[in-house]
**Q** 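I have a structure I would like to understand better, so I am pasting it below and will then ask my questions one at a time.
As a basis for the values below, the full set of heavy atoms in this structure was taken, side chains included, without hydrogen atoms, waters or symmetry mates. For ligands, and for the atoms within them, numbers begin at 1 and follow the listed sequence. Throughout, residue positions are numbered sequentially from 1 according to the sequence presented.
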Amino acid sequence: MLPLMAFISIRPPWMLPEHAVTPEAVHCRRREFLRHMGIAGAGLALSPSVLAQSSTNPPVAGPQAAPRNPAFNPKLPLTPERIVAHYNNFYEFSTQKDRVAQLVGRFRTSPWSVWIGGLCSKPMTLDFDDLLKVAPLEERVCRFRCVEAWSMVVPWTGFPLSKLLAKVEPTSDALYVKFTTALRPDEMPGVARLSDYPWPYTEGLRMDEAMHPLAFIATGLFSKPLPKQNGGPVRLVVPWKYGYKSIKSIVKIELVREQPATLWNALAPHEYPFESNVEPNVPHPRWSQATERDLATGNRIPTLPYNGYADQVASLYPRK
Ligand code: MTE
């Protein structure tokens, strides 16, 4: 774990509330970017094609087109694809959200394989094509809430994480699941710039969280293969937790007995607890979590307990 002083000296922009501390230059670039995408300005007007992208419409055709699962559809307008794919947190590439998509070009996502092992009877390495056969692909529309207090509504393609874990037959000693992102500094220009970070990016879930039907492995976005900047070719989506739990570009999934170390928790445990459920009544030490900025409209909207998934997941946390 890094000493706190070291952490303070390398604190990245996303760990501070955007409006309060974004350096002016970055802020201006972001405004230009939003203007370029047509979502800045007083009206924040949405084009007709954007309005047509609603979660009440069927998924569009594409190489990762899959039937939309009606059980996982909050029936909210989808955030426009150009925003979802160009407003990214992926620190291995850049701390500037609008730069990530420009910097992923050298990142090789094919061939790709994921090792799944640890406390299980059948450890295995699956290449990407094997992964696509783990379970029938489905589309899920999910709310996505970043700890920075912005949010999106995203159509992911993929399958439940529980189906993947069942394949390796976890033993009863497996109490947690640890996930690890690829680490290739030659292809990831952000890694060297944050040389004090405890790379690779890791995240974790309790076993019961990982087996919950809402925990999802995503291989697609808007019916297309998952873009590299969004964590292609394969990432985790845990919609009732802050976005940093949804680890990108996974190469390793390990069943373990002890709670695993995670990158953000190692950097600042008091700010990024392991559990990290979306809790509007629990402020981040440096800002409120009561509301969020909807990236599609720019409006501030109330944040919901467990990001709107309390009916499904509150029972996992009986003490609260
Ligand atoms: N995974 C890795 N490997 N590296 C990261 O920097 N950022 C996290 C999460 N997963 C991150 C990551 C954070 S803070 C958020 S909010 C989401 O990815 C952003 O996902 P998106 O860019 O697809 O919106």
**Q** Picking from E209, E203, E275, what satisfies salt bridge (charged side-chain N to carboxylate O under 4.0 Å, His left out) with K241?
**A** E209
**Q** Answer with yes or no whether F144 contacts ligand 1, where contact means a heavy atom under 4.0 Å from a ligand atom.
**A** yes
**Q** Could you check which of S151, G232, C146 puts a non-hydrogen atom nearest to atom 16 (S) of ligand 1?
**A** C146
**Q** With a 3.5 Å cut-off and no angle check, do the side chains of Y242 and W264 form a donor-acceptor pair?
**A** no
**Q** Considering only residues two or more places apart or on different chains, which pairs with a residue in residues 252-261 satisfy side-chain hydrogen bond (donor to acceptor under 3.5 Å, both in side chains)?
**A** D173-R257
**Q** Kindly identify the option in Q229, R235, R145 whose heavy atom sits closest to atom 23 (O) of ligand 1.
**A** R235
**Q** With the threshold set at under 4.0 angstrom, would you say M152 reaches ligand 1 through any of its heavy atoms?
**A** yes
**Q** For E203, state whether at least one heavy atom is located under 4.0 Å from any atom of ligand 1.
**A** no
**Q** Any atoms of ligand 1 less than 4.0 Å from a non-hydrogen atom of T181? List them with their elements.
**A** 3 (N)
**Q** Distance under 4.0 Å to a non-hydrogen atom of N230: what atoms of ligand 1 satisfy this?
**A** 21 (P), 23 (O)
**Q** Checking K248 against N230: is there a side-chain donor and acceptor pair closer than 3.5 Å?
**A** no
**Q** Ligand 1 and W150, any nitrogen or oxygen pair closer than 3.5 angstrom?
**A** no
**Q** Pick whichever of F93, Y201, Y244, W264 has a heavy atom sitting closest to atom 5 (C) of ligand 1.
**A** Y201
**Q** Taking the minimum heavy-atom distance to atom 7 (N) of ligand 1, which of V84, T202, N89 ranks first?
**A** N89
**Q** Under a 3.5 Å cutoff, is there a donor and acceptor pairing between the side chains of T157 and Q64?
**A** no
**Q** Does ligand 1 have an atom that lies less than 4.0 angstrom from a heavy atom of S246?
**A** yes
**Q** Test F72 against F216 for ring-ring contact (aromatic ring centres under 6.0 Å, His included), laying out the working first.
**A** CA-CA 11 Å; F72 300 92; F216 197 63; 7.7 Å; no
**Q** Testing the 3.5 Å rule here: is there a donor-acceptor pair between the side chains of Q229 and N88?
**A** no
**Q** Is the F107-F93 ring centre distance short of 6.0 angstrom?
**A** yes
**Q** Go through ligand 1 atom by atom and flag the ones less than 4.0 Å from a non-hydrogen atom of E92.
**A** 2 (C), 3 (N), 4 (N), 5 (C), 6 (O)
